[in-house]
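As structure tokens, the structure follows; a few thoughts come after it.
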Amino acid sequence: MPAAALLTKLFRKPYRSVDAQQAAALIADGAVLLDVREPAEWRAGHAPRARHIPLGQLASRLAEVPADRPVITVCRSGARSRQAAALLARRSRQVHDLTGGMRAWASAGMPLQAKGGRPGRLV
């Protein structure tokens with residue numbers, strides 16, 4: 001294998017990054033939005049129908065992440081969700097990472113909800 005191809009293989013991301021509109025389209029087609037933020041962040045506001053597993057618990061709760069559907073990871077700004085996406089990709093999941101996180105989701109005009117379906121906010 002040529003050196004350039006080897007470097008690309010070694011350093012490329014094992015998942016695909018998507019923006020908020022692409023994420024919404026994937027969700028409409030059956031993908032799961034996996035929110036890996038902390039509980040207080042989740043309670044303040046999250047995407048409707050998202051699943052919540054904090055990043056620190058993800059490795060021990062992998063059985064809760066569907067293996068038969070694409071998964072989109074999201075956090076507040078993108079750092080934790082990239083870690084989650086890499087972990088899931090290593091476990092052979094089809095995974096995408098929402099670039100810019102919930103900030104990008106909210107900026108794109110996508111809905112946020114809090115407990116009980118009330119309007120949510122980012123913290």
List, one per line, each side-chain donor-acceptor pair under 3.5 Å for residues 109-123, sequence neighbours excluded.
{"from": "R118", "atom 1": "NH1", "to": "K115", "atom 2": "O", "distance (Å)": "2.9"}

Is it the case that one hydrophobic cluster holds both [X] and [Y], taking links as side-chain heavy atoms less than 4.5 Å apart, direct or via other members?
X   : Y    : answer
L55 : L34  : yes
V18 : L88  : no
L33 : W42  : no
I53 : Y15  : yes
I72 : M102 : yes

Can you name the nearest heavy-atom pair linking [X] to [Y], along with the distance?
X   : Y    : result
S77 : R103 : CB-NH1, 4.3 Å
A23 : L98  : CB-CD1, 4.0 Å
R37 : G45  : NH2-O, 2.6 Å

Once you round to the nearest 0.5 Å, how far does [atom1] of [X] lie from [atom2] of [Y]?
X   : Y    : atom1 : atom2 : value
D35 : R76  : CG    : CZ    : 12.5 Å
Q21 : W105 : CD    : CH2   : 9.5 Å
Q83 : C75  : CD    : SG    : 8.5 Å

Looking only at the side chains, is there a donor atom on one of S81 and D97 sitting less than 3.5 Å from an acceptor on the other? yes
Under a 3.5 Å distance rule, please check whether R16 uses its side chain to pair with a backbone N or O of H96 as donor and acceptor.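 No; zero donor-acceptor contacts below 3.5 Å.
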Taking the side chain from Q22 and the backbone from D19, do they hold a donor-acceptor pair closer than 3.5 Å? yes
Identify whether the distance between the nearest side-chain nitrogen and carboxylate oxygen of E41 and R80 falls below 4.0 Å.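 R80 and E41: salt-bridged.
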Applying side chain to side chain contact (heavy atoms under 4.5 Å, CB included), run through V65 and V32 and close with a yes or a no. CA-CA 9 Å; V65 180; V32 173; over 6 Å; no
I'd like to check the side-chain contact (heavy atoms from CB on, under 4.5 Å) partners of R91; sequence neighbours left out, ordered by chain and number.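 So R91 forms a side-chain contact (heavy atoms from CB on, under 4.5 Å) with L62, L87, R93.
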Side chain proximity check, R82 to S17, heavy atoms < 4.5 angstrom: no
So do V36 and V74 actually touch side chain to side chain, heavy atoms under 4.5 Å? no
Is the number of heavy atoms from other residues, nucleotides or ligands within 6.0 Å of CZ (R61) greater than 12? yes
